[in-house]
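The block underneath contains the structure these notes are about, expressed in structure tokens.
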Amino acid sequence: MSIETIIQEFAAVAADPKAQLKKYKAEGKKCIGVMPYYAPEELVAAAGMVPFGMWGANDKTISRAKEYCATFYCTIAQLDLEMLLDGTMDLLDGVITPTICDTLRPMSQNIRVAMSEKLPCIFLAHPQNRLAPFGKKFCIDQYTHIKTELEKIAGAPITDAALSETIKVYNKSRAARRAFVKLASDHCDVVTPTKRSAVLKAAWFMDKAAYTEKLEALNAELSALPACNWKGTKVVTSGIICDNPKLLEIFEENKIAIAADDVAHESRAFRVDAAETGDPMMALVDQFAALDYDVLLYDEKSSENRRGEFVANLVKESGAQGLVLFMQQFCDPEEMEYPYLKKALDAAHIPHIRLGVDQQMRDFGQARTAIQAFADVIAL
């Protein structure tokens, strides 16, 4: 199968998640919505159900969700609720609502109230002190709660054996995505920003074994190509999500390729594997504890600006010439972090731009001007 054909198949899934949901339901599978982020998807898959990512939408207008939440909630959260209310996600058999930020905490309750007669809502509170023994104890209690609620929906227990095998499937998927990110940079003439985004986005809506098989086929085809002699600019992207095709097309218009990313929707989701031996529940807890360099994760050494330096090093190590920060409107953690991130980038002499974005954007004129000017400055 050709590279273009495989990418088109991924793009079709990324562009129409509802069709993918209908497909799984027609096959008799139960599907569980999983909101951002760091939810233990492996528990859903080990129960024989399909985890279905919920990261908002670029083609919807917030209407009914306004009845439940404040207008200053980020559009990702609002659009997740909108899709639950307007019937887009009617085929889901349940939804997991992590509460890792100040918006997701109250939003979980908005969803619980709005969906009380429609589908089960499973509350997930991650520990702030995830490395301490008491934090891990809290985390395993939360994951056990998730497991129990999923078993009710599935109508069958989640065995340790099934969970262990699922962890292996997910680790294989994470490895394939890490390999793809590197190959996409090496072959950025073939894997444009929009295509790169579509391939990674499709992972949220596909059974991981099927997704990984297709991605490994794509990786093999890309590996057979000679590395491109890219004459344009390469950047690292950062933020929660940057999956809007119209925005990414501006990169392509200005010959900007993506060398690597620090995006929650993309590489942050597959940086860390879970142990494949020992207690599988504890493996998932340890995996969460091992996560790092995320603006939404507590860092007891935050005064050292470890995350800012990590992002700056990512730019250098990837061979990029700069960084583009996609900052979600009304995201307090990202706004509070920015001065420290800017400090690290400036100290490393890395040019960057900050773009305020949300999923209700329809006019990209300002973004186009900013990205074009940024590309011109880097070219000089």
Checklist entry - Quick one: do the T166 and K208 side chains pair a donor with an acceptor below 3.5 Å? => result no

Checklist entry - Knowing that exactly one of V324, I353, V235 qualifies, which makes a side-chain contact (heavy atoms from CB on, under 4.5 Å) with I371? => result I353

Checklist entry - Is a side-chain N or O of Q20 found less than 3.5 angstrom from the main chain of V13, in a donor-acceptor match? => result no

Next on the checklist: Donor-acceptor pair, distance only, cut-off 3.5 Å: does the side chain of E276 make one with the backbone of S164?
Outcome noted: no

Next on the checklist: For K342, is there any backbone N or O sitting under 3.5 Å from a side-chain donor or acceptor partner on H352?
Outcome noted: no

Item to check | Within 6.0 Å of NZ in K246, more than 12 heavy atoms from elsewhere | outcome: no

Checklist entry - Which value, rounded to the nearest 0.5 Å, describes the distance between F72 atom CZ and C331 atom SG? => result 13.5 Å

Checklist entry - What do you reckon, is NZ of K118 surrounded by more than 12 foreign heavy atoms closer than 6.0 Å? => result yes

Checklist outcome for this item: Tightest non-hydrogen contact, residues T5 and S2, listed as OG1-OG, 2.8 Å

Checklist outcome for this item: Correct closest heavy-atom pair for T99 and R105 would be O-NH1, 3.1 Å

Next on the checklist: Could you measure the distance from the NZ atom of K214 to the CG atom of N219? Nearest 0.5 Å is fine.
Outcome noted: 13.0 Å

Item to check | CD (E300) with more than 12 external heavy atoms under 6.0 Å | outcome: no

Checklist entry - Could you state the interatomic distance from CD (E82) to CG (D80), rounded to the nearest 0.5 Å? => result 10.5 Å

Checklist entry - Going through the checks in order, is the side chain to side chain contact (heavy atoms under 4.5 Å, CB included) test met by I3 and V191? => result CA-CA 9 Å; I3 290 173; V191 185; 5.7 Å; no

Checklist outcome for this item: In short, L297 meets L291 closest at the heavy-atom pair CD1-CB, 3.7 Å

Next on the checklist: A side-chain contact here means heavy atoms from C-beta on lying under 4.5 Å apart; do I111 and M35 qualify?
Outcome noted: yes

Checklist entry - Please walk me through it: do I140 and M282 pass side chain to side chain contact (heavy atoms under 4.5 Å, CB included)? => result CA-CA 7 Å; I140 203 162; M282 199 65 213; 3.9 Å; yes

Next on the checklist: Looking at E213, I'd like to know if its CD atom is crowded, meaning that more than 12 non-hydrogen atoms belonging to other residues, nucleotides or ligands lie closer than 6.0 Å.
Outcome noted: no

Checklist entry - Is the backbone of I256 close enough, under 3.5 Å, to the side chain of N254 for a donor and an acceptor to pair up by distance? => result no

Next on the checklist: Is there a path of hydrophobic side-chain contacts, each under 4.5 Å between heavy atoms, that joins M206 and I96?
Outcome noted: yes

Item to check | Where A47 and A154 come nearest, the two heavy atoms and their spacing | outcome: O-CB, 3.7 Å

Checklist entry - Do we see a donor-acceptor contact under 3.5 Å between the side chains of R112 and S108? => result no

Next on the checklist: Can a donor-acceptor pair be found, under 3.5 Å and without considering hydrogens, that links the side chain of E334 to the backbone of Q328?
Outcome noted: yes

Next on the checklist: Between Y38 and D294, does the side-chain hydrogen bond (donor to acceptor under 3.5 Å, both in side chains) criterion hold? Intermediate values first, please.
Outcome noted: CA-CA 11 Å; Y38 296 137; D294 190 316; 2.7 Å; yes

Next on the checklist: Between N110 and V113 (side chain of the first, backbone of the second, donor and acceptor by atom type, cut-off under 3.5 Å), is there such a pair?
Outcome noted: no

Next on the checklist: Would the distance check show the side chain of D16 and the main-chain N or O of A12 forming a donor-acceptor pair, the cut-off being under 3.5 Å?
Outcome noted: no

Next on the checklist: Less than 3.5 Å apart, any donor N or O on the side chain of T75 or Q360 sitting next to an acceptor on the other?
Outcome noted: no

Checklist entry - Do the side chains of S238 and R268 get nearer than 4.5 Å, heavy atoms only? => result yes

Next on the checklist: Keeping E117 on the side-chain end and M115 on the backbone end, is there a donor-acceptor pair under 3.5 Å?
Outcome noted: no

Item to check | N/O donor-acceptor pair under 3.5 Å between R130 side chain and Y298 backbone | outcome: yes

Next on the checklist: Could you measure the distance from the CD1 atom of I7 to the CG atom of L222? Nearest 0.5 Å is fine.
Outcome noted: 6.5 Å

Checklist entry - What is the minimum heavy-atom distance between N305 and A344, and which atoms define it? => result ND2-CB, 3.7 Å

Item to check | Passing option when S318 is tested against V181, V236, I258 for side-chain contact (heavy atoms from CB on, under 4.5 Å) | outcome: V236

Checklist entry - Out of R196, R271, R174, which residue meets the salt bridge (Lys or Arg N to Asp or Glu O under 4.0 Å) rule with E266? => result R196

Item to check | Geometric class of the Y143/H126 ring pair [parallel <30°, tilted 30-60°, perpendicular >60°] | outcome: perpendicular

Item to check | Single hit among Y37, W55, F52 for ring pair (Phe, Tyr, Trp, His ring centres under 6.0 Å) with W204 | outcome: W55

Next on the checklist: I'd like to know if the side chain of D189 and the backbone of N229 have a donor-acceptor N/O pair within less than 3.5 Å.
Outcome noted: no

Next on the checklist: If only side-chain N and O atoms count, and only distance matters, is there a donor-acceptor pair under 3.5 Å linking S185 with K234?
Outcome noted: yes

Checklist entry - When you measure from the centre of the six-membered ring of Y338, is the NZ or CZ of R354 under 6.0 Å away and within 45° of the axis? => result yes

Next on the checklist: Is it true that, when you exclude K343 itself, more than 12 heavy atoms of the residues, nucleotides or ligands shown sit nearer than 6.0 Å to its NZ?
Outcome noted: no

Next on the checklist: Apply side chain to side chain contact (heavy atoms under 4.5 Å, CB included) to residues E42 and L284 and explain how you reach the verdict.
Outcome noted: CA-CA 8 Å; E42 289 90 337; L284 294 179; 3.7 Å; yes

Checklist entry - Between the side chains of S197 and D243, does any donor sit under 3.5 Å from an acceptor? => result no

Item to check | Step-by-step side chain to side chain contact (heavy atoms under 4.5 Å, CB included) determination, I240 to V263 | outcome: CA-CA 5 Å; I240 293 176; V263 175; over 6 Å; no

Checklist entry - Will you find, in the side chains of T61 and S63, an N or O donor that is under 3.5 Å from an N or O acceptor? => result no

Checklist entry - Can you tell me if Q287 and D273 form a side-chain donor-acceptor pair at under 3.5 Å? => result no

